[in-house]
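If you're wondering where the values come from, they're calculated on a predicted model, not measured in any experiment. In what follows, chains carry the letters A, B, and so on, assigned in the order in which the sequence lines appear, proteins first and then strands, with residues in each chain numbered from 1.
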Amino acid sequence: MASILSLLRRERLWTFHGGIHVPDEKALSNGRAVETMPLPKRLVIPLQQHIGATARPVVKVGERVLKGQLLAQAEGYVSACIHASSSGTLVAIEPRPVPHPSGLSALCAVIETDGEDTWAELPEPMTRYAQLDTSEIRERIRWAGVVGLGGASFPTSVKLNPGPDQRIRTLIINGAECEPYITCDDLLMRERAGDILAGARIMHHLLGDPRILIGIEDNKPEAFEAMRFALAETDMRGYTEIRSIPTLYPSGGEKQLIRILTGAEVPTHAIPARIGIVCQNVGSAAAVADAVLEGRPLISRIVTVTGRAIDEPRNLEVRIGTPVSDLIAHCGGYRERPRKLVCGGPMMGFEIAHPTIPVTKPANCVLALTEVEAPDPGPALACIRCGRCAEVCPAKLLPQQLYWHARAKDLDRVQDYNLFDCIECGCCAQVCPSHIPLVQYYRYAKNEVWAREEDKRKAELARMRHESKQARLERQERERKARLRQKKESLEAGPGKSQTDQDAKKAAIEAAKQRAAAKKAAAAKAEETDDA
Amino acid sequence: MSATLVCSPHGSRPNRVDRVMQEVLLALVPGVLAMIWFFGWGVLINIMLAVAVAVAAEAAVMLVRRRPIGPAIGDYSAVVTAVLFAISVPPTLPWWMTLLGMLFAIVLVKQLYGGIGYNPFNPAMAAYVFLLVSYPVAMTTWLAPDMLAEHAVSFTESLRLIFAGALPSGVEWDAISAATPLDEMRGKLDQGMSIAEIRLSPLWGDFGGRGWEWVANGFLLGGVYLLWRRIITWHIPVSMLAALAVAAGAFWLLDPTTHPVPAFHLFSGAAIVGAFFIATDPVSACTTKTGQIIFGASIGLVVFVIRTWGGYPDAVAFAVLLMNIAAPTIDHYTQPRVFGHTGNRAKP
């Protein structure tokens, strides 16, 4: 009877088009509690771990820094502060390889740790934040360097400031964690459910009291129970709901989760705030609670170290800046030679070339895949137009047509087929029987379009420069001609203008002639006398 | 670890073209067994001959095009084409016609357009139609189903029929052949006979042509298997069969004396095998879901129109080829609404 009632009471869920069921592989790493990773000898902390401008360093090389001390100040509106994750000496600020699909280097602060792990003086906890001005709380979150921890790493303080004319009706806390293998959010929800709710409550306050919806995929029953238990302890029940959603990749995608929980579709090229929704990851919520209630900046995160090539997969609480190779070593090293080392999940993560790269704020998973888990897909075969890609596309695109046009470099057509609505979730490539690397084609096409836009912009600039130069030259020519004409006119018109002028000139010339003649005469006279 | 950086996704990919084709071949088994049961060993001999020629032709073209031969043959697509062709033609078809048909299908219809994935027409159906218009008599001389034949053709007799054109000793064509049920229906309706009279013919079984209805059931079973394995979706087969049944049903209700019951249309010719195995050929069919429904329904209607008023008793091959040409246009006008968009689609 009770179960029937709960069924009746269950809130409605919506579905999005497509999506795929992939073996979730979460059991590899979700069996043990989160362990704290020991302090490494050296921390390499990138100065850009977020979408937006690189933070500006505020410390000098050689300086002693303390745990939690500000290393780099957020520069510009969309940016995030970077802090030291342990105490030690700042030995360098230089480019180092960072976790990025390009494999390129970026500016990093390198700290030689002293092993003492001494905290810097932290700001006062804002336990009575409800009485504070919202801008003050946002400033604290900005100072703490909190960014979206689900992978996109958008600065949280910016997302919590939708503007005065935007009424936020729903705050969604994303606990879906739909990528296979990754379990860091699962463990976070199990172990720190209270903190997540406390963070959600702060966000609720900042956003003007919207309702809170928490979505968790139904393959994480322990996390769901932990969150429900924690919610029952709070006074948030009136406006908060925790919903178990079906396990289907990519239900953790922001737009997909919004659709599942509210039925709303975020309009293309718009942010969710436009339809009164803000979506935050559970990790970000916990980090907001740390920042506001304890004055602690974001200097560590939970990282899932997993894959069948790892000897003992598990979740680790890792200081930002710890090398990935240390994490792997801490998990017993490799059980077998990995064919691929991936940062992030298997569906959307990127392969990393150097295991020496550091853990950053958005790095939720280190995945070492064996030959069996990630076999060489072999050369791509011809597309047989089976249409499976379109069946699974959560954006309801036609991946096959996008592929044809991207391959033909027909940049207008790819945009007509809404290339920029592609979220690169990889569903299409995953089901493609011809093993065509579809996502790679879309990324390529996007880059080509961006490059073309850039070229267009440059060409436009060049055209404007050329035109203004031309105009300047023409103007100068006109002015020169005008000057000449004026001079000529004044010369020609001169005599007619004043007779006296003319006479004066003539008189002057006459006088000069006389003077010269007199001089000559005088000289001749002198010569005569000399000769004589 | 691999040295090259490869784009996501990184896991193993369960789908493969060769596995898709293998599933299709597996799904064809019940229907093919039923055909062999009712129409003799010629069916099997045709299949083996067609497969051998198709694979050899595919390999030869790859050799000429200087492409790797292994993947082209290993994807089993030529085998599928061969089997579909072989079950469409009469079980006694002379061997050189099968050879000609397969060369036409593989070299012209498939490879000259660029190979798998690029052919605008279904190769098996194109070859079938090519032979039908070139050799109409041979292509319409069918064996009678087993229970109606006066003489059951043995395996060696089948071999001699196909390779030497020699009838079994002391047996005339009439003893082993019969018109197909659709042919019989067309012919007798044209002679002014009513359905009730035609139904007395021994060719009429429980709900379709005798023997034919069980062949159709075999292919239906295979079709359900393909749906279950998600090799195909319901859109094309269901819309095609529904359109055929609705059109046949409407005319049958209007005038049951000159129009056979819808079940006859569905189970007496190539409608079932066409709906599940031929119209669903992904390469030459529509790819959008709405497009697939329009594509399938159009095939069903064209089949009914040709069967009822056209010059051929069966029309699945013609209908499929006709709609193959229309597929790209249908796809163009049936693009789905993209997530987050309000009604605007790709510009024409």
Side-chain angles (χ1 to χ4, degrees), chain A residues 16-17 22 101 103 180 255 259 265-268 270 337-342 344 346-351 353 367 369 372-377 379 381-388 390-391 394-398 400 413 416-418 421 424 426 429-435 437 439-440 443, chain B residues 1-21 23 68 71-72 74-75 77 114-119 230-233 235-236 280-289 291-292 327-328 331-332 334-342 344-348:
Chain A
F16 59 91
H17 179 262
V22 252
K255 292 182 175 186
R259 166 81 189 159
E265 274 185 35
V266 181
T268 178
R337 213 173 127 84
R339 201 186 84 80
K340 266 186 185 199
L341 190 59
V342 173
M347 295 301 294
M348 289 185 78
F350 53 90
E351 214 174 332
L367 186 58
L369 297 167
V372 178
E373 289 170 295
D376 184 357
L381 304 175
C383 166
I384 57 167
R385 306 180 72 241
C386 64
R388 287 286 283 132
E391 277 167 38
K396 246 181 156 183
L397 295 167
L398 297 173
Q400 190 197 118
R413 296 291 274 168
D416 288 347
Y417 277 89
N418 303 303
D421 283 290
E424 299 181 18
Q430 183 66 24
V431 299
C432 177
S434 298
H435 294 175
V439 179
Q440 202 160 303
R443 288 192 182 155
Chain B
M1 216 181 336
S2 69
T4 51
L5 291 171
V6 181
C7 196
S8 59
H10 301 285
S12 67
R13 307 194 187 166
N15 289 345
R16 265 167 48 186
V17 174
D18 57 343
R19 289 199 192 137
V20 171
M21 298 292 170
E23 294 270 25
D75 66 19
S77 61
I116 186 170
Y118 295 91
N119 46 296
R230 293 164 150 261
I231 303 293
I232 58 171
T233 60
H235 303 79
I236 293 175
T280 51
D281 166 26
V283 176
S284 51
C286 280
T287 59
T288 65
K289 290 297 154 203
Q292 288 181 346
D331 271 345
H332 183 86
T334 53
Q335 287 165 31
R337 182 184 67 85
V338 173
F339 187 90
H341 283 246
T342 42
N344 54 327
R345 293 164 189 192
K347 286 164 230 154

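Heavy-atom distances place the backbone of B/A285, and not its side chain, under 4.5 Å from chain A. Looking at B/D331, only its side chain comes within 4.5 Å of chain A, counting heavy atoms on both sides. When heavy atoms are compared at a cutoff of 4.5 Å, A/V266 approaches chain B solely by way of its backbone atoms N, CA, C and O. When heavy atoms are compared at a cutoff of 4.5 Å, B/S284 approaches chain A solely by way of its backbone atoms N, CA, C and O. Heavy atoms of B/T280 lying under 4.5 Å from chain A are absent altogether. Heavy atoms of B/V20 lying under 4.5 Å from chain A belong exclusively to its side chain. Only the backbone of A/V372 comes within less than 4.5 Å of a heavy atom in chain B; its side chain stays farther off. Both the backbone and the side chain of A/I384 come within contact range of chain B, judged by heavy atoms closer than 4.5 Å.
Of the residues considered (A/A429, A/A382, A/P180), A/A429 shows the highest number of contacts with chain B, using heavy-atom pairs under 4.5 Å. Annotation: maximal heavy-atom pairing with chain B below 4.5 Å, among A/A395, A/A374, A/C432, occurs at A/A395. Heavy-atom pairs under 4.5 Å with chain B peak, among A/C386, A/G349, A/G387, at A/G349. By number of non-hydrogen pairs under 4.5 angstrom with chain B, the leading residue of A/P379, A/P377, A/A270, A/G426 is A/G426. When the candidates A/M347, A/M348, A/H17 are compared by the number of heavy-atom contacts under 4.5 Å with chain B, A/M347 comes out ahead.
A distance-only check finds a donor-acceptor pair linking the side chain of A/Q430 to the backbone of B/S12 [under 3.5 Å]. Looking only at distances, a side-chain donor or acceptor of B/N15 sits under 3.5 Å from a matching main-chain atom of A/V431.
Salt-bridge check for B/K289 with A/E391: passed, with a basic side-chain N closer than 4.0 Å to an acidic carboxylate O.
Two residues are said to be in side-chain contact when any heavy atoms from C-beta on lie closer than 4.5 Å; A/R385 and B/C286 fail this criterion. Inter-residue side-chain proximity for B/T288 and A/L398 is flagged as met; some heavy-atom pair is nearer than 4.5 Å. A heavy-atom distance below 4.5 Å is not found between the side chains of A/E265 and B/H341. A/E373 is not listed as a side-chain neighbour of B/H10, based on a closest heavy-atom distance of 4.5 Å or more.
Of all heavy-atom pairs spanning A/Y417 and B/Q335, the tightest one is OH-NE2, 3.0 Å.
Note that the CD atom of A/E424 and the SG atom of B/C7 stand 7.0 Å from one another [nearest 0.5 Å]. With values rounded to the nearest 0.5 angstrom, B/I231 atom CD1 is found 8.5 Å from A/R388 atom CZ.
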